[in-house]
Structure formats: structure tokens, C-alpha cells
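Source: prediction; values computed, not measured. So that the names make sense, note that chain A is the first sequence line, chain B the second, and so on, each numbered from 1.
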Amino acid sequence: MLDLKQIRENPAAIQELLDRRGAGQHDLQPLIQLDQQQRELEQQRSQLQARSNEIGKLVGKKIKADPQGTEVQALRDEGNQIKIELSGLEPQEKDLKAQVEALLLTFPNLPHQSVPIGSSEEENVEVRRWGDEYIPQNPQILPHWEIGEKLGILNFERATKVAQSRFVTLIGKGAALERALISLMLDRQTQAGYLEVIPPFLVNSQSLTATNQLPKFAEESFKCSQDDLWLAPTAEVPVTNLYRDDILPLEQLPIYHCAYTPCFRREAGSYGRDTRGLIRLHQFNKIELVKLVHPSTSAVEHENLVKDAEAILQALKLPYRVIELCTGDLGFGAAKCYDLEVWLPSSGKYREISSCSNFGDFQARRGSIRFKEAGKKGTQFVHTLNGSGLAVGRTMAAILENYQQPDGTIQVPDVLQPYLGVKTLGLKNQ
RNA sequence: GGAGAGGUGGCCGAGUGGUUGAAGGCGCAGCACUGGAAAUGCUGUUUGGGGGCAACUUCAACGUGGGUUCAAAUCCCACCCUCUCCGCCA
């Protein structure tokens with residue numbers, strides 16, 4: 001959520017930053033007008049209320065001396081008069097306030113000054129590339145879904161029968177490989193200083209609002225119709241919301257968490273895209289890294305978060321590149337974002353495997369996550385950051401392709417061998 | 001699902017209509033005492049919105065939303081949540 005005070009004081013500057021995401025898409029003007037109306041009403045209302053409070057106190061005093069006195073009656077009459085006026089004013093102001101709030105929630109975050117300006121993903125910037133030497137030279141590499149089904153470790157048909165399209169069943173060593181990846185990632189990230197949590201996988205609307213999925217992206221999540229509960233689209237939601245409405249003592253910052261959770265996404269609007277394989281499923285596993293930090297450190301924390309995610313790809317010797325998203329491609333809540341893209345030989349492309357964002361105080365404001373510095377008056381919003389470390393299904397896809405041997409077996413990456421107990425995946429492993 | 005209890009400040013906990021943003025305690029901060037500390041004493045200690053350069057001022061908040069009243073933490077209604085017991089179940 002943007003800072004209303006900032007918008008009031010500096011509308012042109014804020015508008016300019018919003019326009020970097022796409023000119024004319026986010027007009028502050030209606031918001032500014034509503035806000036002004038609301039404040040005018042609030043002034044009127046609180047003045048009336050002040051008088052009403054005064055009357056209440058006076059009556060209390062006088063009624064002891066002379067319950068039937070004319071003075072008391074006069075005050076009561078005035079009180080009633082004010083009540084009538086308030087009954088008109090109050091709902092109006094409340095309504096305006098709700099409108100301001102609702103409108104404010106629809107504005108995306110301001111891109112950080114350092115974010116390259118651009119209108120689409122075409123203008124994203126490659127920051128660095130790693131592992132060129134690990135790019136396989138074998139031209140015969142099968143797409144991961146084909147080799148996976150051949151080896152009997154992935155099955156899409158049966159998953160479709162059980163649920164729907166865009167689900168998968170992992171079988172035998174496929175399931176074990178997924179589990180091994182989860183363990184590897186959690187082990188590495190906890191060693192890097194992230195405190196592991198297993199949060200609820202269902203979250204309420206308030207939580208989704210704090211982390212930007214609501215109100216704008218309701219159709220992206222699965223909702224439980226009987227309850228105010230949704231299937232979490234990412235662990236970012238439950239983990240960040242562990243601290244919703246908290247005022248943290250300064251000493252508690254920074255907070256680092258990692259979490260393994262399944263993630264559930266409706267993928268509405270992506271019909272026809274990545275229909276095959278593990279790339280875009282309704283349910284997938286992910287290790288998420290979440291940080292809550294002091295605002296002055298968030299830029300450095302962001303760079304470090306990216307490195308922590310990269311460390312997994314490096315450990316697995318999977319070729320990847322780091323992309324910085326331009327203003328036009330930046331996610332709704334992000335102030336700055338790097339994507340990690342892993343090399344997928346079958347399509348000859350880099351594909352997103354992690355997205356690492358700095359949200360600044362955008363989410364903290366929505367979720368009221370603050371900290372207090374001893375001695376200083378008032379509270380400040382923390383900065384929140386998160387990134388995948390990594391998407392497990394996509395990692396599996398990358399392994400099934402990059403480690404695919406000419407004989408159709410899969411070499412198990414060195415770091416995974418202790419977890420999996422075998423060096424290759426082949427037919428005999430079924 | 002059935003029965004009961006309960007939701008008050010960072011925490012514990014009092015408060016059943018009147019000047020209570022809320023006793024008391026704990027915790028925390030400052031000061032005094034001390035060589036230093038403990039103990040003790042005193043003082044302070046919620047958050048959010050509006051107005052103001054500021055000092056300050058005003059409104060709101062005792063689970064949430066309504067209602068009664070000049071006045072509600074306190075009364076009424078609805079909802080949510082937590083706990084205990086019973087039932088069912090992994």
C-alpha cells in the first residue's frame with residue numbers, strides 16, 4: 001500500500017514513479033479527491049463529536065446536583081440535536097474512508113529509483129550469467145516430461161484423473177527426487193541463517209490482502225467456498241503474515257525465514273501456456289525465503305537474498321542467469337525484483353525458477369508490520385523481501401534435462417546423491 | 001456437531017452506565033540512593049487518523065459489526081475467535 005501522506009505532499013513525484021510502470025495506467029487524481037473530501041468530513045465530524053463528549057461529561061456532573069433541572073434538559077436536547085447531525089455525517093465519512101482504503105489497495109508499489117525503465121519483459125536487463133560450461137551439448141535431449149514419463153517417475157494422466165489438468169503425480173524415484181531437492185534446499189538455507197517454518201497452507205483473506213494477492217488477484221487463488229480460507233499461492237503469504245499487526249522490537253530484526261510449502265495457483269489467464277510438463281502447475285512445491293528487515297538495510301538484504309537463491313543452482317551446477325525486471329514487468333507489490341532463470345535445453349531457453357523481490361514498506365503497510373526503536377517515539381514499517389529458493393518442480397525439470405545422458409538415464413547431481421542414495425536414474429530405478 | 005467458559009494496554013489482571021485511555025501488578029525507560037550493583041523510592045511508559053512549523057490539540061479504539069442512551073469496556077442483538085468437556089475422526 002502506498003503512503004497517503006506522501007501522495008498528498010508529493011502527488012506529481014508519486015505519479016511519475018507510477019507512470020514508469022506504464023503511462024496512464026494508474027491515475028492518482030480520483031484518490032486524491034476522495035481523500036480530501038474524507039478529511040473535510042472528518043474535521044466536521046470530530047468537532048461535533050468533541051462537543052457531544054463535552055455534553056456527556058457535563059450532564060454527568062449536573063445530574064447529581066439536580067436531576068430534573070432545566071440545564072440538564074437543555075444539554076440533553078443539544079446532545080440529541082448533535083446525534084441527529086452525526087447520524088448523517090458519520091455514515092458518509094465512513095463510506096468515503098472505505099472507498100479511499102479500497103482504492104489505495106489497488107495501486108501497485110512504486111518502482112525503486114534504480115529499476116531500469118521499460119514497458120515489457122523485452123526490456124528486462126541481464127545482470128549476470130552463471131554456468132555456461134555446464135550447458136549440455138547433446139542435441140538429442142528430450143523435454144523433461146517425455147523423459148520423466150519414459151522413466152516412469154512422472155505421470156500426468158493419472159494426476160488429471162485424480163484432479164485436473166496441470167497436476168502431476170511423482171512416482172518412485174521421482175517422488176524421492178522431489179523430496180531430496182526439498183531437503184537439500186532447506187538444509188542449505190537453514191545453514192545460510194534462515195529459520196525454517198512450516199506454516200499453515202490455507203490462509204485467510206486478511207493475510208492475502210497484506211501480501212498483495214487481494215483484492216486485485218483473487219481469481220489467481222483457489223478459495224474454499226465454505227470458509228474465509230484460500231489455498232496459499234506461495235509461502236510468502238503465511239510466513240510474512242506470521243508478523244501481521246506486530247510491533248517488533250528493533251533487536252528482533254532482521255528476521256530470516258525459509259519454508260517449504262506446496263503452492264496452489266489457478267493459473268487463470270494462462271490457458272495454452274506451458275501446458276506440458278512441470279513448468280506451470282496448479283500445485284507445486286517451493287522453498288520460500290522471507291526477510292523482514294530494517295529499511296536502511298533492505299537493498300543489501302535483497303542482493304544477499306538473490307545470492308542465497310543462486311547458491312542452490314550453483315550447488316546443483318545448473319546453468320542460469322539473473323535478470324533484473326524493468327519497471328513495466330515488475331510485479332504489483334515489488335519495488336525491485338530479480339528473476340533467476342534456469343537453462344532448459346529442450347526448449348533452448350532460460351526459464352524463471354526464482355523471483356526475488358524487495359517490497360520496501362508496501363506489504364508492511366498493508367499488514368501493519370512495524371518495529372519500534374527504543375527511545376524513539378512512534379513506529380516504523382519494516383521492509384519485507386522474499387524469493388524462491390527454489391521452485392522445486394522447475395528444478396526437477398532442469399535436472400531431468402541438463403543431466404540427461406545420451407542413453408536416456410539421468411545423472412544425479414553430486415550434492416543430491418547423499419539424499420537420493422543413487423548416482424543415476426534409469427529404468428532399473430522404477 | 002452438542003454443552004459450558006471467555007475475549008480489556010507489551011504481559012498478567014480489575015472494572016456492570018457518568019469526568020476511565022482504562023485500578024493494581026509485572027516488564028521496560030529515566031531519576032534518586034550506592035564506590036558500583038541489588039533492594040528501595042519517585043517519575044514516565046498503547047496505537048491509529050485529523051489539524052498545526054512546533055509546543056500542542058482533537059477524534060477513534062476494551063474481539064468485530066449494529067442498536068439503546070445526553071453518556072457504553074459496562075445494557076441489547078448478530079457474528080468471529082479462543083479454551084474446557086462430550087461426540088466423531090486422521
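- Residues A/N285 and A/E178 have side chains in contact (heavy-atom distance under 4.5 Å, counting atoms from C-beta outward).
- Across all strands shown, B/rC88 forms no Watson-Crick or G-U wobble pair with both key distances under 3.5 Å.
- Relative to the side chain of A/K83, the nucleotides B/rG51, B/rC70, B/rC59 differ in distance, and B/rC70 lies closest.
- Between A/L170 and A/M396 there is a side-chain heavy-atom pair separated by less than 4.5 Å.
- The base of B/rG49 sits within donor-acceptor range of the side chain of A/E42, with an N or O pair under 3.5 Å.
- When the C1' atom is used for both B/rG10 and B/rG66, the distance is 31 Å, rounded to whole Å.
- Comparing atom distances between the A/A50 side chain and each of B/rC59, B/rG18, B/rU47 picks out B/rC59 as nearest.
- Whole-Å rounding puts the A/K57 NZ to B/rA72 C1' distance at 14 Å.
- The residue A/S368 sits apart from the nucleic acid: no heavy atom pair falls under 4.0 Å.
- Taking the C1' atoms as reference points, B/rC81 lies 22 Å from B/rG67, given to the whole Å.
- With a 3.5 Å ceiling on both atom-pair distances, B/rC62 lacks any Watson-Crick or G-U wobble partner.
- A straight line from NZ of A/K62 to P of B/rC70 spans 18 Å, rounded to a whole angstrom.
- Using cut-offs of 30° and 60° for the angle between ring planes, the A/F362 and A/F332 rings count as perpendicular.
- In this structure, A/L248 places its CG atom 12 Å from C1' of B/rG10, rounding to the nearest Å.
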Practice task
Begin with the C-alpha distance, continue with both residues' side-chain angles, and end with the deciding distance and a verdict on side-chain hydrogen bond (donor to acceptor under 3.5 Å, both in side chains) for A/S46 and A/E42.
Solution key: CA-CA 6 Å; A/S46 65; A/E42 173 166 353; 5.8 Å; no

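- Nucleotides of RNA chain B nearest to A/R8 and A/G60 differ in position, and the one nearer the 5' end is that of A/G60.
- A donor-acceptor contact closer than 3.5 angstrom links the side chains of A/Y256 and A/E301.
- Comparing the P positions of B/rU45 and B/rG25 gives an interatomic distance of 15 Å, to the nearest angstrom.
- When the P atom is compared between B/rG21 and B/rU74, the two are found 13 Å apart, to the nearest whole Å.
- Between B/rG50 and A/R45, no contact under 4.0 Å exists linking OP1 or OP2 to a side-chain N or O.
- Side-chain atoms of A/I312 and A/I287, non-hydrogen and from C-beta on, never get closer than 4.5 Å to each other.
- Nucleotide B/rA71 is matched to nothing when pairs are restricted to Watson-Crick or G-U wobble geometry with both distances under 3.5 angstrom.
- When both distances must be under 3.5 Å, the Watson-Crick or G-U wobble mate of B/rG6 is B/rC81.
- If you check B/rU45 for Watson-Crick or wobble pairing at under 3.5 angstrom, you find it paired to B/rG27.
- Within 4.0 Å (heavy atoms only), A/R51 reaches no atom of the nucleic acid at all.
- Remark: P of B/rC59 and CD1 of A/I82 are 12 Å apart, rounded to the nearest angstrom.
- Between B/rG87 and B/rG2, the two P atoms lie 16 Å apart (nearest whole Å).
- Between A/Q92 and A/R45, every side-chain heavy-atom pair lies at or beyond the 4.5 Å cut-off.
- Between A/F371 and A/H294, the ring planes are tilted. Angles from 30° to 60° get that label.
- Nucleotides B/rA5 and B/rC89 are separated by 28 Å at their P atoms, to the nearest Å.
- Listed pair A/R39 / B/rG51 meets the phosphate criterion, a side-chain N or O lying under 4.0 Å from OP1 or OP2.
- Phosphate proximity of B/rC59 to A/S52: absent, as no side-chain N or O sits under 4.0 Å from OP1 or OP2.
- In this structure, A/Q49 atom CD and B/rA71 atom C1' are separated by 12 Å, rounded to whole Å.
- Taking side-chain N and O atoms only, A/N53 has a distance below 4.0 Å to OP1 or OP2 of B/rA60.
- In this pair, A/Y338 and A/H302 present their aromatic rings tilted. The plane angle is within the 30 to 60° band.
- If you take atom P in B/rU19 and the same atom in B/rA61, they sit 16 Å apart, rounded to whole Å.
- Nucleotide B/rA22 forms no Watson-Crick or G-U wobble pair with any nucleotide shown, as no partner meets the under 3.5 Å limit on both distances.
- Distance A/R244 CZ to B/rC81 C1': 13 Å, rounded to the nearest Å.
- Taking a pair to require two hydrogen-bonding distances under 3.5 Å in either a Watson-Crick or a G-U wobble arrangement, B/rA14 remains unpaired.
- Considering only side-chain N and O atoms, A/K97 lies nowhere under 4.0 angstrom from the phosphate OP1 or OP2 of B/rG50.
- Atom CD in A/E54 sits roughly 14 Å away from atom C1' in B/rU57 (whole-Å rounding).
- Of the nucleotides present, B/rU40 is the one that pairs with B/rA32 by Watson-Crick or G-U wobble criteria, both distances under 3.5 Å.
- At a threshold of 4.0 angstrom between heavy atoms, the contacts of A/D77 with the nucleic acid are absent.
- Only the P atoms considered, B/rG49 is 48 Å distant from B/rG35, to the nearest whole Å.
- Atom pair A/D227:CG and B/rC81:P shows a separation of 9 Å (rounding to whole Å applied).
- In terms of position on RNA chain B, the residue among A/Q47 and A/I247 whose nearest nucleotide sits closer to the 5' end is A/I247.
- Note: A/H257 and A/Y243 have parallel aromatic rings, judged against thresholds of 30 and 60 degrees for the angle between ring planes.
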For nucleotides 65-68 of chain B, list the nitrogen or oxygen atoms of the protein found under 3.5 Å from its nitrogen or oxygen atoms, one pair per line.
residue	atom	partner	partner atom	Å
B/rG66	OP1	A/K94	NZ	2.6
B/rG66	OP2	A/K94	NZ	3.4

